[in-house]
Structure formats: structure tokens, C-alpha cells
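Encoded as C-alpha cells, the structure appears first; notes follow it.
Keep in mind that this is a model prediction, so the values were computed, not measured. Just so it is clear: chains get the letters A, B, ... in the order the sequence lines come, proteins before strands, and each one is counted from 1.
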Amino acid sequence: MEKKKLVIGVIGADVHAVGNKILYHAFTDAGFEVINLGVMVSQEEYIEAAIESAADAIIVSSLYGHGELDCRGFRDRCNEAGLKDILLYVGGNIVVGKQPFEEVEQRFLEMGFSRVYPAGTSPETAIEDLRKDLRIE
Amino acid sequence: MQAILLIDFGSTFTKVTAVDIEAGQLIDTASSYTTVETDVGEGLEFALAKLKKQTGLENFQKRLACSSAAGGLRMVASGLVPALTAEAAKVASLGAGAKVMKVYSYQLIDEDIEEIANIKPDIFLLTGGTDGGNQDCILHNAGMLVDCKADFPILLAGNRSCAAECEKILSKREVYRCENVLPQLEKLNIEPVQRHIRDLFLRQIINAKGLSREAELISGIMMPTPAAVLQAMELLAKGTDSRPGLGELFAVDLGGATTDVYSMASGAPTLENTVIKGLPEPWAKRTVEGDIGMRYSAAGISTAVGLERLSQLSGLKPQKIVEMIKHTEQNPDTMPNTPEQSALDFALAAAAVETASARHAGIIEETYTPLGQTWLQSGKDLTKVKTLIATGGALIHNRDVSKIVTHALYNESVPESLRPKSSRILIDRQYILSAMGLLSIEYPDVALSIMKKELEDVSI
């Protein structure tokens with residue numbers, strides 16, 4: 001079966017590169033084809049990469065607390081660009097300060113993200129969800 | 001003596017260069033007007049007669065030619081995302097020496113097909129999707145192109161997963177399939193496309209442009225002129241197995257209608273904490289500014305830099321500049337005979353070189369992240385390139401060439417533009433670069449040593 005394709009990267013003015021590399025290896029080892037855009041990625045770059053490569057999911061990392069601002073309007077832009085049903089995951093230290101994760105998750109789900117992960121989530125959790133969402137046996 | 005003749009059928013001039021390959025020396029050059037309306041052979045004969053008068057030579061062991069006559073190699077390309085496959089297609093075409101008439105992104109519509117039929121390109125480059133990526137766009141575009149009224153070959157260099165299907169859709173047209181120009185987002189793959197473009201150029205385009213009768217006399221028209229120049233630059237930078245080259249270099253070719261810029265350099269970041277954006281850059285890169293040239297495109301320069309800047313560079317009043325540019329465009333043969341015309345020519349050339357080199361070079365932006373200062377680089381960082389080459393009729397005959405060309409270098413008032421910081425300036429006084437590119441196919445050592453000898457250091 002053809003490999004499912006993921007576009008990954010760290011959004012905004014965020015230069016945390018280590019987690020990004022860990023995710024790249026974890027997803028690749030799990031059998032995905034991974035297009036890694038690295039750090040400081042804009043919404044536009046994720047979307048363009050996903051269009052050209054016909055990706056199945058976009059996985060956004062944010063470690064520096066400004067994720068909510070950086071992710072605003074992301075789903076709308078995907079829809080506008082014709083990526084209508086693409087999976088959109090986000091994870092990391094995505095908001096500032098100590099907020100209950102359930103509230104944060106709710107806000108991101110309302111923004112159109114398919115799944116939301118708190119800091120400290122292991123890559124395996126996301127891989128499992130991807131397999132479910134992409135119906136990989 | 002073993003003399004070889006190198007011919008460049010230019011849009012205005014046909015230039016001949018004689019080289020003694022035994023002695024490894026340039027013998028002489030001559031030129032005459034290109035006669036594309038009748039037969040390009042006429043212009044060539046005039047040029048050869050001149051050369052004979054100068055040197056007494058008329059028998060050559062071999063004759064090789066390049067051509068940019070009759071509009072050059074005119075191409076149209078299409079891709080999916082403007083910054084990705086469409087850009088890759090454009091970069092590949094320019095690097096093959098083509099004149100890129102238009103680049104389309106996303107799905108072609110009826111009006112586009114009509115426009116393409118009017119352009120009548122020599123080759124259409126159809127791309128879109130990385131390998132295994134998007135198929136809809138290129139399949140749609142193949143379906144649109146199949147009924148395009150004009151006759152031109154289509155070069156297919158998109159997503160390999162649907163290449164066979166595209167070929168089938170286009171089966172009633174002339175279509176060639178080659179490797180994807182952008183197989184992965186982080187991997188630009190322009191060489192296979194460029195080889196195909198060159199093959200097509202050799203096989204057919206020359207016939208169509210009335211150059212074939214001439215081609216019988218000469219050993220062959222090998223490539224479009226810009227491809228020959230690119231080849232010469234690459235040789236000059238890299239050297240051969242036995243002789244070293246000059247290392248990374250940057251070159252500006254200022255003409256009457258367009259300005260070409262070349263860089264033979266990796267363009268890797270020179271600052272720490274730099275994040276690179278955009279497509280990977282080819283080591284040998286050519287860009288063309290179609291709106292910037294000394295005569296036909298003089299107004300384009302003024303639009304690009306503004307009258308203020310031209311006034312500053314020339315010392316002339318803006319109103320005067322407007323009048324003079326209008327006159328220049330209508331009379332492209334204008335020579336700088338008056339002090340005012342010389343001043344304007346200086347300003348136009350400096351501004352053209354400045355703009356074209358800035359568009360070619362990469363850009364760096366400083367940003368502050370919560371973790372401190374970071375740099376964002378798009379395009380090539382050429383700040384450490386040590387050699388700048390000036391060529392093109394408008395530069396090499398100008399007395400102020402070294403002063404003009406310094407405008408291609410790094411400028412403190414535009415620190416984001418990553419142009420060379422301290423380069424020596426070499427000028428192609430004999431206008432031999434395209435000839436040396438041709439010569440390098442078989443005699444790279446001779447071509448390299450002639451270039452090293454003939455390019456004149458005019459650094460201030």
C-alpha cells in the first residue's frame with residue numbers, strides 16, 4: 001500500500017528544532033512519508049507543501065506559547081486552498097501559562113483542528129490516532 | 001595552427017570568434033548584423049569576411065554555433081503552486097537558456113489556452129505535483145492543452161504517478177516525458193528537464209527558425225546562447241580536472257532588451273542561526289529581467305527604480321529623463337554622443353545592474369523570537385562570492401564599466417540583499433563568453449585558459 005503522507009513543522013517564530021527532529025524520525029519509522037518543513041513555518045508553507053504533495057495530514061508543532069495566535073484561521077485557509085478534508089493536528093506548549101488542557105483543546109477543536117495534544121505527549125499517541133483517522137490497518 | 005570557429009547568432013548581431021586550439025589562444029573576433037528576415041547565412045558571411053580581413057583566415061577545422069536569433073528559445077511553463085512546481089519549472093527553463101514567456105500556476109482555463117496559442121511557444125513545460133503527490137492539476141492541464149490551437153512540443157515533467165496518463169491524454173500531440181522537476185519538495189531535479197530541452201532545441205527548433213540551411217555548413221548549432229554563457233561560467237568557476245577554476249562567481253549581462261544574471265555558487269547561509277525558506281537553489285542559476293534593458297526596456301528601469309534614483313545617479317532633472325527615455329526607446333540605436341546621454345546611460349546601466357542583481361540574490365530578514373535573534377534567508381547568500389563578471393554590449397563598451405558594475409555588489413543601505421561584499425571585477429571585453437561555452441564542449445582546458453587570460457580585471 002502507498003505510504004500516507006504527513007507535512008510536519010514548527011509554526012510561527014518558533015525555533016525549537018529538537019522535538020521536530022524526534023517527530024520526523026518517529027513518524028518515518030512508523031511507516032509514514034514525512035515532509036519536514038523544519039522550524040519557523042508559516043501557515044502558507046504548510047498548505048503549499050500539502051497541496052503539491054497531496055498530503056493526508058498536516059501536523060503543527062508549537063513550543064513557545066504563541067500557538068493560538070499562529071494557528072488562527074488555519075482551517076479556513078486549508079478550505080480556501082482546496083484541502084477540504086485534510087487532517088490537521090496540533091501539539092506542544094500551544095498556549096501561554098497554565099490553562100486547563102480541556103479548555104485549550106476545546107478552543108483548538110473549534111478552530112477546526114482534528115486533534116490537539118498537550119506538551120509531553122509521546123509520538124506514539126499521535127501515530128495511533130493517525131492510523132485510526134487515516135484507516136490504516 | 002588548428003583554427004576553430006565559434007558563431008553566435010544573436011538577436012541583433014552575429015558574432016564570430018576564431019580560436020587556435022593548438023596554441024590555446026584567441027585569434028580574433030568580428031561581428032555583423034543578424035539577418036533573420038532573409039537568411040541568417042548572410043549576416044554570417046559578412047562577419048566572416050570581416051574576420052578574414054583581420055586575420056586572413058577562412059578555413060576552419062570545425063564550426064560550432066549557438067543562437068538566440070528569432071526570439072531565442074521561447075518557452076511557456078505551468079506548475080501547481082506558484083512558489084513550488086511553477087517556480088521549479090521556471091528555474092529549469094531559464095537554466096536551459098530559454099526565454100520564459102509565461103509561467104502558469106494551478107488549473108489552466110480557456111483564456112490561458114488561447115493566450116498560449118497566441119504566444120506559440122517553442123516548447124511547453126508541463127509540471128505539477130511532487131512524485132506521488134497531487135495529480136488533479138496536471139491531469140486537468142493536460143486535458144486543456146490537448147486542444148490548444150498552436151503547434152508545439154510538450155515536455156512532461158510532473159508527478160510520475162500520473163505521467164503515463166498525461167501522456168495518454170496528450171497522445172495526439174507531440175509529447176515527451178521526463179523525470180519530475182520537483183520529485184520531492186526538498187529536491188529540485190532540473191538537469192533531466194534541461195537535457196530534454198536541449199535535445200528538442202537541437203532536433204526541431206533550429207529547423208523551425210530557418211537556421212537549418214546554415215546548420216549544414218557548420219558542425220551544428222549546439223545550444224541557445226544563454227546556455228552557452230552558463231556553460232562558460234560553470235567551467236570558469238569549477239575548472240577542469242587539470243586546471244583550477246576561479247571559484248564561486250556572480251555575473252551580470254546587460255543587454256538592450258533584458259538583463260541576465262548568473263551565479264555559480266551554493267548560496268549557503270554565512271550567518272549562524274539562519275533558517276532557509278523556499279525551494280532549494282540550483283548551484284548554477286540564471287535569472288532574466290525582461291523589463292530591464294538599456295534600450296528597448298529603458299522605461300522598465302525607470303519603473304523599477306523610480307525617476308528619483310535615475311536623477312540622483314545621472315544628475316539630470318526628472319522631466320529631462322522622461323523625455324530622453326522616450327526618445328531612446330523609439331530610437332534603440334541611440335549612441336551616447338552628448339554628455340547628457342552619457343550621464344543617462346550611466347544611470348540606466350547602474351540602476352539596471354543594481355535591480356537585476358538584487359532580484360537574483362537572496363534576501364535575509366532579521367527576526368526576534370522568544371529565544372533570541374534569528375535570520376530568515378530566502379534565495380542565495382552570495383556575500384562571500386569573490387568574483388564578479390561583467391558582460392553584454394551595454395557594459396563592455398562603456399568607459400565607466402567598473403563604476404557601473406559596483407552597483408551589482410552589496411550595498412550598506414540595502415543590507416538585506418545578499419550580494420557579494422568584496423569582489424574583484426572581471427570584464428568580458430572581447431565578448432567571448434558564449435563562444436567559450438561552445439568551445440568547452442570539446443576543449444574545456446583551452447576554453448578555460450582563454451577566459452582566464454582574456455577576462456580583464458578592472459577592479460577599482
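- When heavy atoms are compared at a cutoff of 4.5 Å, B:Thr85 approaches chain A by way of both its backbone and its side chain.
- A:Glu44 does not touch chain B: none of its heavy atoms, backbone or side chain, sits under 4.5 Å away.
- When the shell of 6.0 Å around CZ of B:Arg359 is examined, it contains more than 12 heavy atoms from other residues, nucleotides or ligands.
- At most 12 heavy atoms of other shown residues, nucleotides or ligands fall within 6.0 angstrom of atom CD in A:Glu80.
- More than 12 heavy atoms of other residues, nucleotides or ligands shown are found within 6.0 angstrom of CZ on A:Phe74.
- Without hydrogens or angle criteria, B:Lys277 side chain to A:Glu45 main chain gives no donor-acceptor distance under 3.5 Å.
- Proximity to chain A is limited to the side chain of B:Leu376, based on heavy atoms less than 4.5 angstrom apart.
- In this structure a side-chain-to-backbone donor-acceptor pair under 3.5 Å is present from A:Glu52 to B:Val81.
- Nearest heavy-atom pair, B:Gly133 versus A:Ala54, reported as atom, atom and distance to 0.1 Å: C-CB, 3.4 Å.
- Looking only at heavy-atom pairs under 4.5 Å with chain B, the residue among A:Ser53, A:Gly82, A:Gly12, A:Ser42 that has the most is A:Ser53.
- By the neighbour-count criterion of 12 heavy atoms within 6.0 Å, atom CD of B:Glu416 is densely surrounded, having more than that number from other residues, nucleotides or ligands.
- With a 4.5 Å cut-off on non-hydrogen atoms, B:Leu84 touches chain A through its backbone and its side chain both.
- Residue contact with chain B, scored on non-hydrogen atoms closer than 4.5 Å, involves the side chain of A:Ile35 exclusively.
- The CE atom of A:Met40 sits 6.5 Å away from atom OG1 of B:Thr369, with the distance rounded to the nearest 0.5 Å.
- Other residues, nucleotides and ligands place more than 12 heavy atoms under 6.0 Å from the CD atom of A:Glu110.
- More than 12 heavy atoms of other residues, nucleotides or ligands sit less than 6.0 Å from atom NZ of B:Lys380.
- Interface remark: of the candidates B:Cys137, B:Gly129, B:Gly372, B:Gly129 forms the most heavy-atom pairs closer than 4.5 Å to chain A.
- A pairwise comparison of heavy atoms in A:Val15 and B:Thr374 identifies CG1-OG1, 3.9 Å as the closest pair.
- In this structure, A:Lys5 places its NZ atom where more than 12 heavy-atom neighbours from other residues, nucleotides or ligands lie under 6.0 Å away.
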